K.L.:
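Just dropping this structure here.
The shown structure was predicted, so the numbers you read here are calculated from the model rather than taken from an experiment.
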Amino acid sequence: PDPQVCCKFNPVKKLPWLKCNAYKSANEQPTHLPQMATEILKQWRQKAALHGTSTIFVELGNDFSYTNKEDVAAVYDMYTPIIDYINERSELNTSVSWGVLSDYFDEIRRHGPVKLPTLSGDFFTYSDRNDDYWSGYYTSRPFYKNLDRMLEAAL
C-alpha cells in the first residue's frame, strides 16, 4: 500500500533509485521491534482490506532480491523477529507465517469457496505512477532494467 513504508523493510539494498530510511535488522534494533511490527502490520491490514479476505500473500523483496544466499538470510533476519513478535501477541488478532504461493491458496481454500475478481483487457504497456511505463522487456531482462535505472539516476 505505501511504498515508502514497505521500502523501510527491505534489507536487500539493490535499487539505487529507491530512496528511503530503511530499518536495520530487527535483531540489531530490538527496541524498535514494537514500532516495526505495528508499522508493517498496518500495511498488511490495508492490503487485506483490498483483497476482501483475511489471508494475504505478501511478497518480500524486489526484482533484484535473492541473487545470493546473503539476500535470503537478510530478509529472514529482518522479518523473523517481527513475525514472532506479532504471533506472540494475541491482542493483535493476527497470525503470520512464512510460506510459498501454494500455501496461500491452500489457506484460501481451507476457508471455503472464494470468488476472486477477474481482470481482463490490454495490460501492455501500463503506467503505474508518474508516467513510469512497464512492459515484458523488464520481466525477462532484470539486468537491463537495473542498468537503465542506474543510468537514469546518474543523469
Side-chain angles (χ1 to χ4, degrees), residues 1-15 17-18 20-126 128-129 132 134-143 145-146 149:
D2 185 342
Q4 286 303 312
V5 173
C6 295
C7 173
K8 293 174 12 178
F9 292 88
N10 181 7
V12 182
K13 313 289 186 292
K14 295 186 177 179
L15 303 174
W17 62 90
L18 189 56
C20 67
N21 295 321
Y23 286 116
K24 295 180 181 173
S25 168
N27 288 326
E28 295 176 33
Q29 296 178 302
T31 58
H32 290 110
L33 187 55
Q35 174 187 343
M36 294 168 75
T38 301
E39 204 169 351
I40 198 66
L41 189 54
K42 180 180 179 185
Q43 296 300 302
W44 293 344
R45 286 185 170 145
Q46 288 175 357
K47 184 172 183 172
L50 295 171
H51 286 246
T53 175
S54 62
T55 301
I56 61 170
F57 185 80
V58 178
E59 308 84 2
L60 302 176
N62 57 59
D63 297 353
F64 306 102
S65 298
Y66 312 114
T67 57
N68 56 57
K69 65 183 178 182
E70 289 81 14
D71 291 357
V72 175
V75 170
Y76 185 82
D77 290 346
M78 168 66 81
Y79 280 93
T80 297
I82 296 170
I83 290 170
D84 292 344
Y85 181 91
I86 292 169
N87 288 337
E88 290 167 1
R89 284 157 181 77
S90 60
E91 69 273 14
L92 295 177
N93 195 29
T94 303
S95 174
V96 181
S97 63
W98 292 100
V100 294
L101 194 55
S102 61
D103 297 325
Y104 166 75
F105 284 111
D106 289 346
E107 186 65 18
I108 291 289
R109 287 185 199 103
R110 193 171 72 79
H111 292 285
V114 175
K115 175 88 170 106
L116 298 174
T118 303
L119 297 175
S120 62
D122 182 7
F123 300 108
F124 183 82
T125 60
Y126 70 92
D128 60 355
R129 65 185 176 279
D132 291 338
W134 303 90
S135 71
Y137 165 81
Y138 290 115
T139 61
S140 60
R141 293 176 176 81
F143 170 80
K145 179 179 181 181
N146 188 39
R149 293 290 187 172

K.L.:
How close do Ile86 and Trp44 get, heavy atom to heavy atom, and via which atoms?
P.N.:
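Answer, listing the atom of Ile86 first, then Trp44: CD1-CZ3, 3.9 Å.
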K.L.:
With a 4.5 Å cut-off on side-chain heavy atoms, are Ser97 and Ile83 touching?
P.N.:
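Ile83 vs Ser97: side chains apart.
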K.L.:
State the CG-CE distance between Leu60 and Met78, to the nearest 0.5 angstrom.
P.N.:
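If we round to the nearest 0.5 Å, Leu60:CG and Met78:CE are 10.5 Å apart.
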K.L.:
Looking at CD of Glu107 and OG of Ser54, how far apart are the two atoms once the value is rounded to the nearest 0.5 Å?
P.N.:
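Those atoms lie 7.5 Å apart.
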K.L.:
To the nearest 0.5 Å, what is the distance between CD1 on Ile82 and CD on Glu39?
P.N.:
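Output value for this atom pair is 9.5 Å.
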K.L.:
Mark yes or no for whether Thr94, through its side chain, and Leu92, through its backbone, hold a donor-acceptor pair below 3.5 Å.
P.N.:
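Yes, the answer is positive, given that a donor and an acceptor are paired below the 3.5 Å cut-off.
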K.L.:
Apply ring-ring contact (aromatic ring centres under 6.0 Å, His included) to Phe9 and list each qualifying residue two or more places apart in sequence or on a separate chain.
P.N.:
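Tyr23.
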K.L.:
With salt bridge (charged side-chain N to carboxylate O under 4.0 Å, His left out) as the rule and sequence neighbours excluded, what pairs involving residues 81-105 come up?
P.N.:
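Non-adjacent pairs meeting salt bridge (charged side-chain N to carboxylate O under 4.0 Å, His left out): zero.
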K.L.:
Shortest non-hydrogen contact from Ile56 to Val58?
P.N.:
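Closest approach of Ile56 to Val58: CD1-CG2, 3.6 Å.
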K.L.:
For Lys42, which residues count as a side-chain contact (heavy atoms from CB on, under 4.5 Å) partner, sequence neighbours excluded?
P.N.:
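Result, side-chain contact (heavy atoms from CB on, under 4.5 Å) vs Lys42: Gln46.
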K.L.:
If you round to the nearest 0.5 Å, how far is CZ of Arg110 from CZ of Phe105?
P.N.:
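Going from the CZ atom of Phe105 to the CZ atom of Arg110 covers 16.0 Å.
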K.L.:
Is there side-chain contact between Tyr85 and Leu41, with at least one heavy-atom pair below 4.5 Å?
P.N.:
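A side-chain contact under 4.5 Å is absent here.
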K.L.:
Of the non-hydrogen atoms in Ala74 and Pro11, which two are nearest, and what is the gap between them?
P.N.:
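Heavy-atom minimum between the residues: O-CG, 3.5 Å.
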K.L.:
For Trp98 versus Val75, what's the shortest heavy-atom pair and its separation?
P.N.:
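Answer, listing the atom of Trp98 first, then Val75: CH2-O, 4.1 Å.
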K.L.:
For Gln43 versus Val5, what's the shortest heavy-atom pair and its separation?
P.N.:
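Closest approach of Gln43 to Val5: CG-CG1, 3.6 Å.
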K.L.:
When rounded to the nearest 0.5 angstrom, what is the spacing between CG in Asp77 and OG1 in Thr80?
P.N.:
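Taking CG in Asp77 and OG1 in Thr80, the distance rounds to 7.0 Å.
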K.L.:
Give a yes or no on whether the backbone of Phe57 and the side-chain of Lys47 come within a donor-acceptor separation of less than 3.5 Å.
P.N.:
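Confirmed, Lys47 side chain pairs with Phe57 backbone.
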